[in-house]
Amino acid sequence: MAGIDRVRADRYVIPLETALSDSTHGTMEAFEIVTARVTDADGAEGTGYTFTCGVNGGAIADILGREMAPRVQGREADAIEKIWHDLWWAFHYGGRGGPTVLALSALDMALWDLKARRAGLPLWRLLGGYDPRVATYAGGIDLHLSAADLIDQTHANRENGHRAIKMKVGRPRLSEDVDKIAAMRDAFGPDMPLMVDANMAYTVDGAIRAARAFAPFDLTWFEEPIPPDDLAGHARVVAEGGLPVAAGENLRSLWEFTSLIASGGVTFPEPDVTNCGGVTPFLKIAHLAEAFHLPLTSHGAHEFTVHLLAAIPNASYLEAHGFGLDAYIETPLAIEDGRATAPDRPGHGIVFDWDRLEAIRA
Ligand SMILES: [Mg+2]
């Protein structure tokens, strides 16, 4: 096995065609992406990447390119578990989350891509190989939309192959959210899988009140009702609210997921491969959920994550929201009749358009 020759970090700012909004981040007009490119001594390459809502990208690229790169140079590229643990502990004092774990995520994804490409296998087969066809949903970032605009957006999503829809909640008055959910049910009927996402907008008591108000609409889940650190609060929302709860996009390690799952405070664990530490911990979180008989969903980076949900037996829905990346890759993930299919190309199979990316380099 060839050693790691080079790790390259690059940062880009992707403009969004239309502004997005949620209850925590307000209005968003651009996302940052930091890419990790690992080259081995034979010249083979693997790529990974991570996103931010527009801040921290400089720190992530610096940690990856200036501090992590020299620590992995010359290491065996396929000894990923060892590299992950060595980096986790080398960066632990100032790490344990934040930019460090986002940098580690991108690097770990690149190493897995490299390993799969060298093996000549699509990533989903290398990682387990369960079913390449994965159910998806359209994750709207649409708190600002009126009911009429939300319905228009949903028609467009359904024309693009989606069958399940998630909408934002957390408006200043609960009745505004309830009215919009009711309008969606009126427009699309009782059978369309529908999720809501509060992006941590509520107190525990507020989330329980909201869950009870949403209960008549048969939602698939209520996502991130409260901030991620309140484990006892999550358990109360699940027990007293009466809705399944999805959470995890703001957890940054296997051990944070372990605590939340063990607390009984989550129904659909929702890791993001670009911020939980990469493929290595994502799969452990997936298997931990399986051991607790919980279905796993995902956050972000759907073109990569389709491989991870295709590798495991307990996948529920893959979240699809592109963060604008589709315009910079030659291989956007197709959604057909509510499903995506993990590519059969070696590795993750995502082909970046580096020339186009050059124009948005930060
Ligand atoms: Mg969310």
Side-chain angles (χ1 to χ4, degrees), residues 16 19-28 31-32 50-56 97 101-102 105 135-145 150 153-154 157 162 164-171 177 180-181 184 193-202 206-207 210-211 214 219-230 233-234 237-238 241 243-252 256-257 260-261 265-276 282 285-286 289 294-306 308-309 315-325:
L16 296 172
L20 306 175
S21 68
D22 70 37
S23 70
T24 302
H25 304 98
T27 302
M28 292 163 273
F31 283 105
E32 276 179 309
T50 188
F51 287 102
T52 84
C53 299
V55 292
N56 291 323
V101 81
L102 273 68
S105 301
T136 63
Y137 71 88
I141 307 179
D142 48 21
L143 186 63
H144 58 292
L145 293 189
L150 196 55
Q153 175 181 272
T154 302
N157 280 324
H162 284 288
I165 300 290
K166 188 176 79 185
M167 56 182 277
K168 295 295 188 191
V169 293
R171 300 285 302 172
D177 294 318
K180 285 209 283 186
I181 296 168
M184 286 286 280
L194 181 63
M195 303 84 161
V196 298
D197 184 355
N199 292 95
M200 312 170 285
Y202 299 112
F214 300 156
L219 302 178
T220 305
W221 69 61
F222 182 15
E223 181 169 320
E224 276 202 309
I226 61 171
D229 306 294
D230 186 353
H234 274 86
V237 175
V238 169
L243 286 184
V245 166
E249 69 186 75
N250 281 292
L251 300 180
R252 296 289 178 265
E256 291 183 356
F257 273 94
L260 181 61
I261 289 171
V266 64
T267 323
F268 290 86
E270 185 183 1
D272 183 326
V273 68
T274 71
N275 72 28
C276 75
F282 186 107
I285 293 159
L294 297 176
L296 194 90
T297 183
S298 66
H299 177 262
H302 58 268
E303 61 285 320
F304 188 103
T305 311
V306 67
L308 306 183
L309 294 195
S316 64
Y317 286 96
L318 174 76
E319 177 178 41
H321 60 51
F323 291 164
L325 184 61

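Numbers here are sequence positions counted from 1. Both ligands and their constituent atoms are indexed starting at 1 by order of listing.
Taking backbone and side chain together, E223 holds an N, O or S atom under 2.8 Å from the Mg ion (ligand 1). Residue contact annotation: E249 places an N/O/S atom under 2.8 Å from the Mg ion (ligand 1). In summary, an N, O or S atom of D197 is located under 2.8 Å from the Mg ion (ligand 1).
When all heavy atoms of M184 and I165 are compared, the pair lying nearest together is CE-CG2, 3.9 Å. Taking all atoms of both residues into account, the shortest heavy-atom contact from C276 to P271 is SG-CB, 4.4 Å.
Ion pair K168/D142 not flagged as a salt bridge, since none of the NZ, NE, NH1 or NH2 atoms sits closer than 4.0 Å to an Asp/Glu carboxylate oxygen.
Relative ring orientation between Y317 and Y137 is described as perpendicular, the plane-to-plane angle rising above 60° on a 0-90° scale split at 30° and 60°.
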